[in-house]
Amino acid sequence: MKNRGISALIATLLISVAALGSFIGCGNTVIENNGYDATKANISVATYNGGVGYQWLEEAASRFEEKYKDATHFEEGKVGVKISVDKDKQFYTGENLSTSALTKDMYFTEGVDYYTFVNADKVADITDVVKGSLSTYGETGTIEAKLDDSFKSFLTAKDNKYYMLPFYDAFYGFVYDVDLFEEEGFYYDKDGDFLALRDESQREDFEANKANGPDGEHGTYDDGLPATYKQFLDLLDQIAAKSCIPFCYSGSYNDYVNKACRAFIADYEGYDGFKLNYTFDGKANLVKEIKADGSVVTEEVKITPENGYELQRQAGKYYALKMQEEIFGTAKYVGGSWNGYDYTVAQSEYIKSKYASTRYAMLVEGVWWENEANPTFAELEIIKGEKKESRRFGFMPMPKLKAELAGPQTMFSANSSFAFINKNCQNMELAKEFMRFLHTDAEMSKFNAKTSISRSLKYEVKNEDKATATHFGKTLIDMRKQANVVYPYSSVKMVIDHPEVFSQTAWYFNSSIDGNSFKNPFDSFKNRQSDAKQYFNGLYAYQKLMWSNLKLGK
Amino acid sequence: MEATNKKQKGDRGDLIFYCCLVALPLLQVAIFYFYVNFNSILMAFKSYDRLSDTFYWDFGANFSRFWQELTMKSSILIDAFKNSFIVWLFTSVLGTVLSIVFSYYIFKKWALSKTFKFFLFLPSVLPSILLVIVFKFFVNEAIPEYISHFTGNIITPLLLGKDSLMPTILFYNVWVCFGAQLLIYTGAMDQIAPEILEAGKVDGVSCVREFVSIVVPIILPTVTTFVIANVATLFTNQANLYAFFGDKVDYSNYTIGYYLFVLVNNKVDYGKTMYCYASTLGIICTLIAFPLTMLIRRLLNGKEED
């Protein structure tokens, strides 16, 4: 009997422990021992340690700590503040955080579905931060004034409150090796011939002789780069003729190629035309006919939510697919055979090719690639004594269909990254102040220079910060300053409710060709399953079929 | 009187002990089986509103969407149903036949049988993601390299080629499905009375005859159990596609299991928006798989009785 009683007690204890374990994730945030300072007001900030890295956050935290070293108002009896930065690539993704308890006070991460977090009541209302004055930091405006209209309407569509702020711009495109371009003469001169830098002493003449580039202006970041589709294709032939390989890419993540070529659409359509894909309200120039020579006849059509699928006939979408087919339809410009590289392998092959028998001229990547490639740069520093800062790379602006269309870039930022505060933050006042601080022009400028990546808000990068950026970062800063950026966010309810139709990949890549559905133009062209015209027609066919499932009026 | 009190106390103690023991499992069954499944069934008749985070009644919407998707010219569903059936044929039918043959080989203790047993069982004890990474490297890097080295031909990595992808995936799935079956079948074969096999030997039966006429009929009830269990997985098997490619699989290579998984798992793009449609698809697949499983069970059990 006594034994039974003991057994019952043990069983009860076990069950209680198991039950407690289930709820252990709930509750307030946990301050880790590492970095915690009992004499100061503390918060913990976590960031996804991917292409943006974490060093920018540590540096910003130090500046914030310095600014508020004598502050006593954040916590009674405490002087100064302590920001503990934690980084991880596996745990701090938006996807993971959406299904687990938040254990840090603030997050900067990517892969975030905004409404999943908001509806789960996990994130703090930061409307006061976004709409409040930044006068403490010497600014006259608010963070809200720095937001693009599409963000403003999307973020507040639920209840007119802000719960997150956009993090960084995610541009895909082509990275080019500036040193190689200069050595081998892959720049265009004013007569349309190729131009090389023979000697450093001739640099002045070299720069003066460069063509205007896609923006049509001399003395800007894109001088000498191909201005038209034809020039771009001629350049690829020239690179191949010089025994270099035009492109390095990741075969395992070949959707990067699709996303890079999607940039052709945005630039061709321009801000208003491309923005229609998120507003469904306005007039669009749509392809009526594709002629045998590849040119198109267009017609003007009024776009509404009822006929939104018509936007799949945008000429920019045809030209983007045509360019993708020309460039990546065969292995001609990727070295003669298809690879199975992971994206980090592709980065490594690209950087190291400087010391290989055959050099790659361009890399298909996102703007965060430099940080991801840090291990390769470090390896080269040991082996070859060459520092990362001494390599010069640039971000290729998209060429235009015709020289007459020269002008600033329209860029598409494939955002999914946000900054937010945990609703159960242990020191909300401090967290909000840090959020304010990080969204001052001065801090965003420093972020931009440190990471080469721009924040998805309006601000200017200061010259002294720009001077500290890598060459790649500098070209991006110049390009971003001149460009119009379209973000993939909308307050149209149809778009919010149907991500299966309007996601960044489904809307631009889903196609129906001869009874088969496709979602990857790269594979489709590589496997000879379609050509650009068929894929383009398939975009329309697919979305027209999908449209009847949408709840347009709701 | 004292004895009665003791008995009552004892009964109460037993009752408390029993309650403590079954409380958590019962709670788990109530929530994770009854509530979740019941809610899943209801979801098939609802739609999701993202802004208000509510599921509202929308009776025909998901079923009409299913019908539309099924009947449209370029149907992901048709490809997915076809691929699910092919994967099932290879893993359940071909995989079972090969498992029985390999089990017999091991049972007979022929040359290198222990080595075969080790290598065929290995996939069952290693983490699947580790196997996928090794296999992926082998077929994408090593094989093209060998072919290029020995023949001079450059081939597309097997998991990246249009024509080689599905056969490679099928090969992998058949290979990894051996483990558990091998263990059970060799166990069943070990239970065969030695006298029966010796009698066969005395009668001069060949190995093939022994296998077909003695071993297989004796282990048939075990095989039947596996086959019936496998029919039920027809629409849940995602053929390890997610482990190989994440959500980047081309539509033409989808299986129903994979389709259901990505509909629900894609939190970045979809959130909860596809839960209702996935639920509808799940119900329809159950309506197909359930009678099919019962039919196969009846057929196989009938055969067994014969």
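Of the two parts of A:T99, only the side chain, counted from C-beta on, holds a non-hydrogen atom closer than 4.5 Å to a non-hydrogen atom of chain B. For chain B, the nearby parts of A:N520 are the backbone and the side chain; heavy atoms of each come within less than 4.5 Å. Contacts between A:F518 and chain B at a heavy-atom distance below 4.5 Å involve backbone atoms as well as side-chain atoms. For B:Y254, the part sitting under 4.5 Å from any heavy atom of chain A is the side chain, from C-beta outward, and nothing else. Only the backbone of B:S52 comes within less than 4.5 Å of a heavy atom of chain A; no side-chain atom from C-beta onward does. With a threshold of 4.5 angstrom between heavy atoms, B:V262 does not approach chain A through any atom at all. Neither the backbone nor the side chain of B:N253 comes within contact range of chain A, judged by heavy atoms closer than 4.5 Å.
Contact tally against chain B (heavy-atom pairs below 4.5 Å) for A:Q504, A:E500, A:E95, A:E110: the top residue is A:E500. Options B:T156, B:D49, B:L159, B:N140 differ in how many heavy-atom pairs under 4.5 Å they form with chain A, and the most are formed by B:D49.
Cation-pi contact between A:K122 and A:F117: present, with separation from the ring centre below 6.0 Å and deviation from the ring axis of at most 45°.
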Distance-only check: which donor-acceptor pairs under 3.5 Å involve side-chain atoms of residues 28-40 of chain B, not counting sequence neighbours?
unit_1 : atom_1 : unit_2 : atom_2 : d
B:N37  : ND2    : B:Y33  : O      : 3.1
B:S40  : OG     : B:V36  : O      : 2.8

- Item | side chain to side chain contact (heavy atoms under 4.5 Å, CB included) between A:K152 and A:Y162, worked out | CA-CA 8 Å; A:K152 279 184 209 168; A:Y162 288 96; 3.5 Å; yes

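Between the side chain of A:Y249 and the backbone N or O of A:N339 there is at least one donor-acceptor pair closer than 3.5 Å.
Side chains of A:K158 and A:N119: a donor-acceptor N/O pair is present below 3.5 angstrom, by distance only. Between the side chains of A:N254 and A:D523, at least one donor N or O sits under 3.5 Å from an acceptor N or O. A donor-acceptor contact under 3.5 angstrom links the side chains of A:N277 and A:W507, judged on distance only.
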